[in-house]
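Basis for what follows: all heavy atoms, side chains included, without hydrogens, waters or symmetry-related copies.
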Amino acid sequence: MHSRWGKNAYISKTTSTLDGVKPIAKWIWDSGSENPRNYYLLVRKTFNIDKIPLDAITYISAFAYADVYINGKLFERCPVNGDPEYQNYDKFDITGYLKKGKNCIAAVIHNFGVGLHSQMNARGGFFLQAKLNFPGATIDLLSDSTWRVTQAKAWNSKAALRDTNAHLIGFKEEFDARLWPENCLDVDFNDASWELAKMIGVPPVDPWKNLTVIERPRLTRKIVKPVKHWKSAGKMVFDFGVELVGYPQFTINARKEGVQFEIGTGERLDSNRTPLLRVSVDHSEKYITRKGAQSWRPYTWSGFRYFSIETNPDVDIQDVSAEFACYDYEMESSFSCSDPQLNQFWEIGRHTMRINSIDTYQDPWREHTQYIAGDSRYMMIYGNYAFGKSSRLLSAYNILSGAQSQRWRTDGAVRSRYPTDYFMQPGSSAYLADYQLEWILMMYEYFRYYGRDELIENLYPNMKRAMNYYQTFQDSKTGLLANLPGWIVLDWPSTYPIEQKKIITGTNCLYYGALKAAAVMAIDFGKDTLQARSWIKQAAQLRADINRQLWSEKDQAYLDSYAGTRVAQQSQVYALEYGLADLSRHDTMVELIEKSGKASEQSFAYRMLSTMFLKGKDQWALDYIRKNWGAQTKLSSFNGAWHEGWDLSWGATSHAWSSGPTALLMEKVLGIEPTGYGWKTFSVKPHLGDLAWAKGKVATVAGDISASWRKLSGQQFSLKISIPPGTLAKVYLPTINQQSVTVNGKSVSDEKYELYLEDGRWCVLTVEEGEYHFQVGRRISQLDFFSSRPSH
């Protein structure tokens, strides 16, 4: 079962045990306040072993975070960020870090002591439970009152928040190296002066009432050197050449102690060519020297390209680097085609996904969290194509976060930010009505990408509750959702606004899609046929009401809102994507989308282009990608990752929801898309445009799916695919002349391949597992062969 989650990845059910293992270790802290503000705590335990164990399965947790060191080496930051009521316990095998003789486990724990945009508020604590297995014997290593603890006073606990409005990220760091106990993380450090730990209790214990075990690969970490540096405005500026995520670090020599200087990270430069440290979030830190050589890096990770150090005549900068740290995806999927620019876009999208993935999906620069089913619904799709099944854990955790541990409101609304404990007022981004609908759609798409999942299946009652929330917003006059509360996002509203009146087309289309998706899940794993029938009936009525109330005969398009006047590109996309428009209306809607050009944000453009590929506008879609993503790569602010929006001066220069081409090139151009749960059935439907060839591989839970196609001379076409065992594929060949088709060198058989023609464009065959080579071109005419040409 675990292999379906990718290497070393799995999420357990939430119970009172460590996935069946009885908790016996204690949560520990010091003797001071339970929930101190901006507080760093050091913990240590030394122990001796005569030999290296066969294995050392270890469960580690902390609140809020702990950087865990074993024998002086950083092991990992633990645990996965979450809700303390459903506390996460990371499971690792630490054998490779142990040695014969004396060993030490130490940790630096940070407790925020306040609610944040990206953190729940609870008390501080640390937990470790390990079983070292030897031939014929075991040793338990447990956090308890024998551990030594002390406040890490080098950090100023009175430092200011990085953002006072929404409590983004947390606190600035002010670090005094004179107060840091040198070598305190190493085996031979003398910790006799530290106090013995105070025991809080064995879990489940307040506030950590339930236990969720998460197995995950440790973060990919590598040292990166700056590509250039310069001095400006009293600062040394170091440019890493590309946006990365992780920690800047430096080595200096100070001729005296007590010298204070500022360091900081940024994505952009100001007019002096120094990093913009204070845009939305303050990414500046203060460092105070001890005398002599010393090295340091901030505790807080960040997304950045530039790093600056304030210069001082008493401080010599000897070395600067960065530790790149991101989720350890398996890099098994691939894509390339005849256009080098599109290949570059695919790689940029994959890089952007990597640096937006830490222990969870996260915005690396501003938020350190990600929106449930808004941003993350895009990220699941892109991750599925960029990394295959190894992206499953992050998608599953995001979906779970939207259900079991979100402190549901009594009316059924679920928070759209996770985890969050601040900025909760009405109209804020804590509750987004359209994102809750997208959570249901994301859940359905999750099953398509990753298959049956007992863990997610248990969320059916929560999903049902989310659907019921919308019943109270149904307008009696029109039958449509009306007056949804709070901020409605849909597409980013400040740059390409949709006219939002009381009844919005986009939200009603999402509701229709959610009703249909929920009905499928109700029949399948919900075993709730009666509810499924009700949702199917609701969907059918909603479709009729949308078409009756929101279609504009004058514009031959869907209005943005009931009683409105605008017919934006996005409204047509929503109606087409969820199948609300009759076929007779498609042409004018597609024409409106086409004429509108760049009329939606970079994230939503993925949905728009997906629709245009579906409607045969292959060349238009490819040209749109080349023009608009291409334009972003030419911006002075482009750092090698896709921006939060097309050209937002304030937005992040790394935001993965803008990585649409990485998915589109594989699911549309290469043509590989799931049609059933877990890729048990899928389609291969290449959209050619002006490309000469394309090839790639998607590493799915059902096995690797490979495809390559090529245009041959004389309007001929070749497609090779590899279909994994136990799966079934529908293959779409761009011809309506079935007599011109061969499979593995032989003429096709209608009966064997269930062959039929579709849309006057495709010859469709159904094939089982195996290796196939399809060719189109025997006795072929110009009219028989379909290949999109530029519409202009």
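A salt bridge links Glu182 with Arg290: at least one charged nitrogen is closer than 4.0 Å to a carboxylate oxygen. At a threshold of 4.0 Å, the pair Arg305-Asp239 counts as salt-bridged, since one of the basic side-chain nitrogens sits closer than that to a carboxylate oxygen. Salt bridge present: Arg162 and Glu285 bring a charged side-chain N and a carboxylate O closer than 4.0 Å. Using a 4.0 Å cut-off between charged side-chain N and carboxylate O, Arg216 and Asp90 make a salt bridge. Using a 4.0 Å cut-off between charged nitrogen and carboxylate oxygen, Arg297 and Glu173 do not count as a salt-bridge pair. Salt bridge absent: Lys222 and Glu323 never bring a charged side-chain N and a carboxylate O closer than 4.0 Å. Between Lys26 and Asp144 there is no salt bridge, since none of the side-chain N atoms of the basic residue sits less than 4.0 Å from a carboxylate O of the acidic one. Using a 4.0 Å cut-off between charged side-chain N and carboxylate O, Lys225 and Asp319 make a salt bridge. Using a cutoff of 4.0 Å between basic side-chain nitrogens and carboxylate oxygens, Glu76 and Arg221 are scored as salt-bridged.
With contacts defined as side-chain heavy-atom distances shorter than 4.5 Å, the pair Met380/Arg392 does not qualify. Taking 4.5 Å as the limit, every side-chain heavy atom of Ile372 sits out of range of all side-chain heavy atoms of Ile399. By the 4.5 Å heavy-atom criterion applied to side chains, Gln119 and Phe112 are counted as neighbours. Inter-residue side-chain proximity for Phe304 and Pro248 is flagged as met; some heavy-atom pair is nearer than 4.5 Å. Under the 4.5 Å side-chain criterion, counting only non-hydrogen atoms from C-beta, Thr360 is in contact with Val80. Counting heavy atoms from C-beta on, the side chains of Val315 and Thr289 come closer than 4.5 Å. Side-chain atoms of Asn38 and Leu161, non-hydrogen and from C-beta on, never get closer than 4.5 Å to each other. Put simply, the side chain of Leu400 reaches to within 4.5 Å of the side chain of Leu459, judged on heavy atoms.
Inspection of the Asn639 and Thr653 side chains reveals an N or O donor paired with an N or O acceptor under 3.5 Å. Under the 3.5 Å distance criterion, with hydrogens and angles disregarded, a donor-acceptor pair is assigned to the side chains of Thr220 and Asp328. Side chain to side chain, Thr274 and Ser308 fail the donor-acceptor criterion of an N or O pair below 3.5 Å. Side-chain atoms of Gln370 and Ser376 include no donor-acceptor pair closer than 3.5 Å. Inspection of the Asp421 and Asn121 side chains reveals no N or O donor paired with an N or O acceptor under 3.5 Å. In this model, no donor atom of one side chain and acceptor atom of the other lie less than 3.5 Å apart for Ser12 and Tyr89. Asp30 and Tyr39 share a side-chain donor-acceptor pair at under 3.5 Å. For the residue pair Asn356 and Ser654, a side-chain donor N or O sits within less than 3.5 Å of a side-chain acceptor on the partner. Side-chain contact, Tyr450 with Ser391: a donor N or O sits under 3.5 Å from an acceptor N or O. At a cut-off of 3.5 Å, with distance as the only test, a side-chain donor of Ser357 or Tyr329 sits close to an acceptor on the other residue. Looking at Asn35 and Asn111, their side chains do bring a donor and an acceptor atom within 3.5 Å of each other.
Residues Ala154 and Leu179 approach most closely at CA-CB, 3.8 Å, considering heavy atoms. The minimum heavy-atom distance linking Gly125 with Ile109 is given by the pair O-CG2, 4.0 Å. Considering all non-hydrogen atoms of both residues, Ser280 and Leu168 come closest at O-CD1, 4.3 Å. Among all heavy-atom pairs drawn from Gln129 and Ala25, the shortest one is OE1-N, 3.0 Å. Nearest approach of Leu42 to Pro181, heavy atoms of both residues: CD1-CG, 3.9 Å. Annotation for Phe134 and Ile52: closest pair CE2-C, 3.9 Å, computed over non-hydrogen atoms.
Taking the six-membered ring for Trp and thresholds of 30 and 60 degrees, Tyr397 and Tyr418 have ring planes more than 60 degrees apart, a perpendicular arrangement.
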Go through the steps to decide whether Asp316 and Arg255 satisfy the test salt bridge (Lys or Arg N to Asp or Glu O under 4.0 Å), and finish with yes or no.
CA-CA 8 Å; Asp316 296 327; Arg255 280 180 278 278; 2.6 Å; yes

Let me see the working for Glu195 and Thr150 under side-chain hydrogen bond (donor to acceptor under 3.5 Å, both in side chains), right down to the final yes or no.
CA-CA 6 Å; Glu195 68 174 297; Thr150 191; over 6 Å; no

Would you please test Ser143 and Lys45 for side-chain hydrogen bond (donor to acceptor under 3.5 Å, both in side chains) and show each step?
CA-CA 8 Å; Ser143 52; Lys45 175 70 176 180; over 6 Å; no

So Glu262 and Lys235, salt bridge (Lys or Arg N to Asp or Glu O under 4.0 Å) or not? Walk me through it.
CA-CA 9 Å; Glu262 180 187 79; Lys235 296 179 179 181; 3.3 Å; yes

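Proximity of a side-chain donor or acceptor of Asp140 to a complementary backbone N or O of Lys131 within less than 3.5 Å is not detected. With Arg44 contributing its side chain and Cys184 its backbone, the two residues share a donor-acceptor pair below 3.5 Å. Using modelled atom types, one side-chain atom of Asn253 and one backbone atom of Ala293 make a donor-acceptor pair closer than 3.5 Å. Remark: the backbone N or O of Trp301 is paired with a side-chain donor or acceptor of His368 at under 3.5 angstrom. At distances below 3.5 Å, not a single donor-acceptor pair connects side-chain atoms of Gln249 with backbone N or O atoms of Tyr247. Remark: side-chain polar atoms of Asn81 are paired, donor with acceptor, to backbone N or O of Ser118 under 3.5 angstrom. A donor-acceptor distance shorter than 3.5 angstrom exists from the side chain of His167 to the backbone of Gly115, with no hydrogens or angles considered. Lys256 contributes no side-chain N or O that, together with a main-chain N or O of Lys291, makes up a donor-acceptor pair within less than 3.5 Å. In this structure, Thr58 contributes its side chain and Ala56 its backbone to a donor-acceptor pair below 3.5 Å. Looking at Gln362, its side chain never comes within 3.5 Å of a backbone N or O of Glu367 through a donor-acceptor pair.
Between Phe126 and Trp29, the ring centre distance reaches or exceeds 6.0 Å. Remark: aromatic rings of Tyr422 and His117 are distant, center separation not under 6.0 Å. Aromatic ring centres of Trp194 and Phe189: separated by under 6.0 Å. Not less than 6.0 angstrom separates the ring centroid of Phe250 from the ring centroid of Phe238.
Pairs of residues two or more places apart, or lying in two chains, that qualify as ring pair (Phe, Tyr, Trp, His ring centres under 6.0 Å) and include a residue from residues 55-82 are Phe75-Phe92, Phe75-Tyr97.
Remark: Arg354 is not positioned above the aromatic ring of Phe387, lacking an NZ or CZ atom under 6.0 angstrom from the ring centre and at most 45 degrees off the axis.
With a 6.0 Å radius and a threshold of 12 heavy atoms from other residues, nucleotides or ligands, Lys153 has its NZ atom at or below the threshold.
We find the CG-NZ distance between Leu455 and Lys13 to be 7.5 Å, quoted to the nearest 0.5 Å.
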